[in-house]
Amino acid sequence: MSDTALPRPAFRAATDEAPLLRIALIGIAVAGLAVLVFAPLAVVFAEALKQGWSASIQSLGNRDARSAIQLTLLITAIAVPANAAFGIASAWFITKFDFRGKAFLITLIDLPFSVSPVVAGLCIVLLFGANSAIGGWLVANGWPIVFAIPGIVLATIFVTFPFVARELIPVMIEQGRAEEEAAVTLGASGWRTFRTVTLPNIRWALLYGTLLCTARAMGEFGAVAVVSGKIRGQTATMPITIEMLYNEYLSVAAFSMAALLTALALVTLLLKTILELRHADQLAATRRH
């Protein structure tokens with residue numbers, strides 16, 4: 001029997017749906033975004049400017065608001081580089097070496113994604129609180145962790161740790177070890193190999209993970225709320241200050257702070273989008289895993 005006599009299966013492209021169905025699906029997606037994303041953002045900015053620009057700017061200019069903004073930027077400036085360094089080191093160790101327990105180590109890296117931030121903050125309090133052996137010694141020597149900036153830094157680092165590592169690991173697995181092994185064979189040192197071979201290959205994934213880590217660090221609430229003690233003007237970050245102002249019925253001040261935090265997040269999202277559009281090929285390996 002010739003090939004022409006065999007019945008051909010009917011194939012349909014994924015985009016061959018009826019026009020009305022496509023329009024309905026697009027409409028549902030747009031409506032969902034409007035209700036869940038755009039409407040809350042519009043409310044935040046509208047409430048912030050309800051009494052005018054001057055009232056909003058004035059609320060952001062008081063001492064407690066400035067302290068919250070500075071503390072949030074300080075915590076982010078510490079946590080993000082630390083997680084970038086830890087993420088590079090862990091991704092290098094996992095992808096460039098073979099050892100027993102590699103899968104378990106990858107699971108540990110993903111642990112902050114599955115553990116509630118509140119639980120993470122509570123663990124830090126139990127470990128470094130004044131009633132613990134370690135925490136009591138630190139407090140006695142003038143180095144408190146809980147209800148101080150170091151505790152907030154630890155909580156933020158724990159919550160945001162996976163972002164850089166999980167962006168780098170798939171990319172470094174995809175690239176393999178051939179280039180690094182060739183560089184070492186030609187006499188390059190480990191640091192030079194990393195600086196001239198590995199880092200250029202992972203730079204866009206590293207930047208992408210760093211942006212995600214930055215956005216998460218600025219907006220972290222649960223773990224920080226547990227370890228900070230919510231001391232106004234000292235350990236209250238921007239998310240915590242927003243909650244405190246809202247509970248005190250200072251809506252303009254609360255929404256002004258929320259609008260500023262939202263603006264910072266939108267800037268980070270814009271940079272992330274530009275990065276995806278301009279360097280889609282370099283980030284493709286990440287999307288395949």
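Basis for what follows: all heavy atoms, side chains included, without hydrogens, waters or symmetry-related copies.
The closest side-chain heavy-atom distance from F147 to V227 is not below 4.5 Å. The shortest distance between side-chain heavy atoms of I145 and I134 does not fall below 4.5 Å. For the pair P239 and L261, the minimum side-chain heavy-atom distance is below 4.5 Å. By the 4.5 Å heavy-atom criterion applied to side chains, F161 and F158 are not counted as neighbours. Contact of the L245 side chain with the T241 side chain is registered, since non-hydrogen atoms from C-beta on lie closer than 4.5 Å. Side-chain atoms of M257 and I69, non-hydrogen and from C-beta on, do get closer than 4.5 Å to each other. Residues V30 and I26 have side chains in contact (heavy-atom distance under 4.5 Å, counting atoms from C-beta outward). Between T156 and N83 there is no side-chain heavy-atom pair separated by less than 4.5 Å.
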Exercise for review: Test F86 against V164 for side-chain contact (heavy atoms from CB on, under 4.5 Å), laying out the working first.
Suggested key: CA-CA 8 Å; F86 294 159; V164 175; over 6 Å; no

Review point. Which is it for R166 and I106 under the side-chain contact (heavy atoms from CB on, under 4.5 Å) test, yes or no, and what are the steps along the way?
Key: CA-CA 9 Å; R166 291 306 299 174; I106 296 175; 3.3 Å; yes

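Taking the six-membered ring where the residue is Trp, the centroids of F163 and F113 are separated by under 6.0 Å. Under the 6.0 Å cut-off for aromatic ring centres, F93 and F99 qualify, their centroids lying closer than that.
Scanning all heavy atoms of the two residues, the minimum distance from S132 to L127 falls at OG-O, 2.9 Å. Across all their heavy atoms, A84 and T210 have their closest contact at CB-OG1, 4.5 Å. Here the shortest heavy-atom pairing between V252 and A48 reads CG1-O, 3.9 Å. Residues A217 and T160 approach most closely at N-CG2, 3.7 Å, considering heavy atoms. A pairwise comparison of heavy atoms in M172 and W92 identifies CE-CA, 3.8 Å as the closest pair. Taking every heavy atom of both residues into account, A91 and L168 meet most closely at CB-CB, 3.7 Å.
Put simply, the side chain of S56 never gets that close to the backbone of W53: no donor and acceptor are under 3.5 Å apart. Side-chain N or O atoms of E220 include one that pairs as donor or acceptor with a backbone N or O of G222 at under 3.5 Å. Not a single donor-acceptor pair under 3.5 Å links the side chain of S90 to the backbone N or O of A165. Judged by distance alone, the side chain of T95 and the main-chain N or O of I173 form no donor-acceptor pair under 3.5 Å. Formation of a donor-acceptor pair under 3.5 Å by the K50 side chain with backbone atoms of S251 is not found in this model. Between the side chain of R66 and the backbone N or O of G61 there is at least one donor-acceptor pair closer than 3.5 Å. The backbone N or O of C213 sits nowhere less than 3.5 Å from a side-chain atom of R216 that would complete a donor-acceptor pair. Side chain of N141 to backbone of W143: no donor-acceptor contact under 3.5 angstrom is found. N201 places no side-chain N or O within 3.5 Å of a backbone atom of T198 that could act as its donor or acceptor partner. When atom types are taken as modelled, the side chain of T268 and the backbone of L264 share a donor-acceptor pair closer than 3.5 angstrom.
Residues V80 and I75 do not share a hydrophobic cluster, clusters being chains of Ile/Leu/Val/Met/Phe/Trp/Tyr side chains in contact below 4.5 Å. In the hydrophobic clustering of ILVMFWY residues, with side-chain heavy atoms under 4.5 Å counting as a link, I152 and M244 come out together. Hydrophobic cluster membership differs between V115 and V226, with clusters built from Ile, Leu, Val, Met, Phe, Trp and Tyr side chains linked at under 4.5 angstrom. Linking ILVMFWY side-chain heavy atoms closer than 4.5 Å, directly or via other members, places V171 and I109 in a single hydrophobic cluster. Cluster membership check: I157 does not share its hydrophobic cluster with L122, using side-chain heavy-atom separations under 4.5 Å among Ile, Leu, Val, Met, Phe, Trp and Tyr.
To the nearest 0.5 Å, atom OG1 of residue T214 and atom CG of residue L73 are 11.0 Å apart. The distance from the CD atom of Q58 to the CD atom of Q51 is 10.0 Å, given to the nearest 0.5 Å. Annotation: the span from L41 atom CG to L36 atom CG amounts to 11.0 Å, rounded to 0.5 Å. The CG atom of L271 lies 11.0 Å from the CG atom of L266; values are rounded to the nearest 0.5 Å. If you take CG on L260 and CE on M238, they are separated by 4.0 Å, rounding to the nearest 0.5 Å. Put simply, CD1 on I240 and CZ on R232 are 11.5 Å apart, with the number rounded to the nearest 0.5 Å.
When the shell of 6.0 Å around CZ of F221 is examined, it contains more than 12 heavy atoms from other residues, nucleotides or ligands. More than 12 heavy atoms of other residues, nucleotides or ligands lie within 6.0 Å of CZ in F45, so this atom counts as buried by the packing criterion. For R192, the CZ atom sits in a loose shell: 12 or fewer heavy atoms of surrounding residues, nucleotides or ligands are nearer than 6.0 Å.
Considering only residues two or more places apart in sequence or on other chains, E243 meets the salt bridge (charged side-chain N to carboxylate O under 4.0 Å, His left out) condition with K230.
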